[in-house]
Protein chains: 2
Amino acid sequence: MPERTGPPGRRPRADAQRNRSHILDVAEGYFAEHGIAGSLDAIARRAGVGPGTLYRHFPNRDALLAALLEARNAELVSRRDRIHDEAADATEALERWLEALGDWVAAFDGLPEPLRAALREESSPLALTCEGFITTTDDFVRAARDEGGARPGVRGRDVFLGVLAMAWVRGAAMADDQAPPALDALLRTGWAAPADEA
Amino acid sequence: MPERTGPPGRRPRADAQRNRSHILDVAEGYFAEHGIAGSLDAIARRAGVGPGTLYRHFPNRDALLAALLEARNAELVSRRDRIHDEAADATEALERWLEALGDWVAAFDGLPEPLRAALREESSPLALTCEGFITTTDDFVRAARDEGGARPGVRGRDVFLGVLAMAWVRGAAMADDQAPPALDALLRTGWAAPADEA
DNA sequence: CGACCATACGGAGACACCCTCCGCTTTGTC
DNA sequence: GACAAAGCGGAGGGTGTCTCCGTATGGTCG
């Protein structure tokens, strides 16, 4: 995908394309190693380009992140389609979708933070992606609700935020290896025991 | 509470005590205004002291935060006692405790982040406080479970992390005024509808 | 009351990060 | 081969964290 959207100008010069994709490669490794908060200047240095070059291609951290996520977004979308094809019922589909979302958001250490910021600030390349997946989540939730598998009143947006929140807090419980499944269970069924009478 | 723990040396000089408490006052206002991430040097400036003075009293942001929370911790503890006295049953007690925890963690905008970091890094003045409240949460959870109000297998630590996570993600949904209650409900009962047969 | 010393103060400044601006080089084209 | 546009690199401004050290201040003891 060499072009952002439409072709308003002619296509970029060869060296620009080379630099862009090399920066992306380096950033991928750097973020995987140091987490999402690593220094952008350091990435430029490691890529052997000046800071100006990096910032021309990606005006800020979110833009770089968004470009990095592009490939994974595609994977997530195809996973959504696969779930639609394979899942026996809507509840299982929702479960599998949430698992896929959880994997997506765990692509880099610290990713939940910029996603949350994008959701609040709106004007971020990440915001659009998130809104798309929120809509998808809502579709899954509605289907599960129609089937009786999801609680009425629960919105896709809330569940998405829940997944984000759990992924975020998971980072606090490294040593505790029973925390991840416990947090997933918490999001699924909550802490309260089902009451015969509320 | 003029002394940290025990009296290992003589008590601090008068000007030191004055500065310390004045810095605390200013920081309270500054964090309330700009959120937890505001500049520490700016706080020092507003307090009319050099940066060195601020950093001598509070070696880092966490230390300052911990000192600021001290008063609220006391309030939270007394609220816990009040809940113990007043709550009709253990489930209601847990509910009210979680509400109290939610208020505590919302004391400053952005507070969840350093709390999470403290929990993972361990060596932070905030970590000890958190661990204490995790234990308290576990007590409430156990009592509710014995009564049948809380799901078996749910640990106090997980619920505490859940409260933290929901408080964190709440910051993403400012404009959406139905998100806060929805997130609380999500933590309480999850997204899944209670099944007659699992 | 004056001298002495530990304690505490202030601010200069080292360092890291983000990001911009601009003179120079590279690329594509005629 | 020459010319313009596109792109490059890095110097440097702004901000923030945190340290170091010469100096001032407060408590104490003769």
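Proteins get letters first, then strands, A, B, ... in listed order; numbering begins at 1 in each. The shown structure was predicted, so the numbers you read here are calculated from the model rather than taken from an experiment.
In this structure, B:Y55 places its OH atom 14 Å from C1' of C:dG11, rounding to the nearest Å. The interatomic distance linking A:D62 (CG) with C:dC18 (C1') rounds to 14 Å, in whole Å. One can place NE2 of A:H34 at 10 Å from P of C:dC17, the figure rounded to the nearest angstrom. B:D41 places its CG atom 17 Å from the P atom of C:dC15, with the value rounded to the nearest Å. Between A:L65 atom CG and C:dC18 atom C1' there is a gap of 16 Å when expressed in whole angstrom units. What separates CG of B:L64 from C1' of D:dC18 is a distance of 14 Å, to the nearest Å. In this structure, A:Q17 places its CD atom 11 Å from P of D:dC8, rounding to the nearest Å. Whole-Å rounding puts the B:F58 CZ to C:dA8 P distance at 13 Å.
A salt bridge links B:D184 to B:R170: at least one charged side-chain nitrogen sits closer than 4.0 Å to a carboxylate oxygen. The residues B:D158 and B:R155 are annotated as salt-bridged, a charged nitrogen and a carboxylate oxygen being separated by less than 4.0 angstrom.
Contact annotation: B:T53 side-chain N/O to C:dG10 OP1/OP2 distance is under 4.0 Å. Between A:H57 and D:dC8 there is a side-chain polar atom (N or O) within less than 4.0 angstrom of OP1 or OP2. Within the structure, every side-chain polar atom (N or O) of A:N19 is placed at least 4.0 Å from both OP1 and OP2 of D:dG7.
For the side chain to side chain donor-acceptor pair (under 3.5 Å) test, no residue two or more places apart in sequence or in another chain qualifies with A:D139.
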Table please: side-chain donor-acceptor pairs of residues 34-52 of chain A below 3.5 Å, with sequence neighbours left out.
unit_1, atom_1, unit_2, atom_2, d
A:H34, ND1, A:Y30, O, 3.3
A:S39, OG, A:D41, N, 3.3
A:S39, OG, A:A42, N, 3.0

For residues 111-119 of chain A, dump all side-chain donor-acceptor pairs below 3.5 Å to protein atoms at least two apart in sequence or in another chain.
unit_1, atom_1, unit_2, atom_2, d
A:E113, OE1, B:W168, NE1, 3.2
A:E113, OE2, A:R116, NH1, 2.9
A:R116, NE, B:W168, O, 2.8

Name the atoms and distances for all side-chain donor-acceptor pairs under 3.5 Å in residues 97-110 of chain B, with sequence neighbours left out.
unit_1, atom_1, unit_2, atom_2, d
B:W97, NE1, B:T137, OG1, 3.0
B:D103, OD2, B:R79, NH1, 3.1
B:D103, OD2, B:R79, NH2, 3.0
B:W104, NE1, B:N73, OD1, 2.9

Report summary line: Going 5' to 3' through nucleotides 24-30 of chain C and flagging B where a protein heavy-atom sits under 4.0 Å of the base, S where only the sugar-phosphate is that close, and - otherwise, we get --BSS--
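Closest approach of A:A144 and A:L94 over heavy atoms only: CB-CD2, 3.9 Å.
Here the nucleotide nearest the side chain of A:P51, chosen from D:dC8, D:dG10, C:dC9, is D:dG10. Closest to the side chain of A:S39, from the set C:dC17, D:dC18, C:dC9, is C:dC17.
Looking at A:D62 and A:S124, their side chains do bring a donor and an acceptor atom within 3.5 Å of each other.
Of all the residues in residues 42-50 of chain B, B:G48, B:V49, B:G50 reach under 4.0 Å from DNA chain C with at least one non-hydrogen atom.
Residue B:R56 is in base contact, counting any heavy-atom pair closer than 4.0 Å across all strands shown.
Here the side chains of A:F160 and A:D138 are not in contact, with every heavy-atom distance at 4.5 Å or above.
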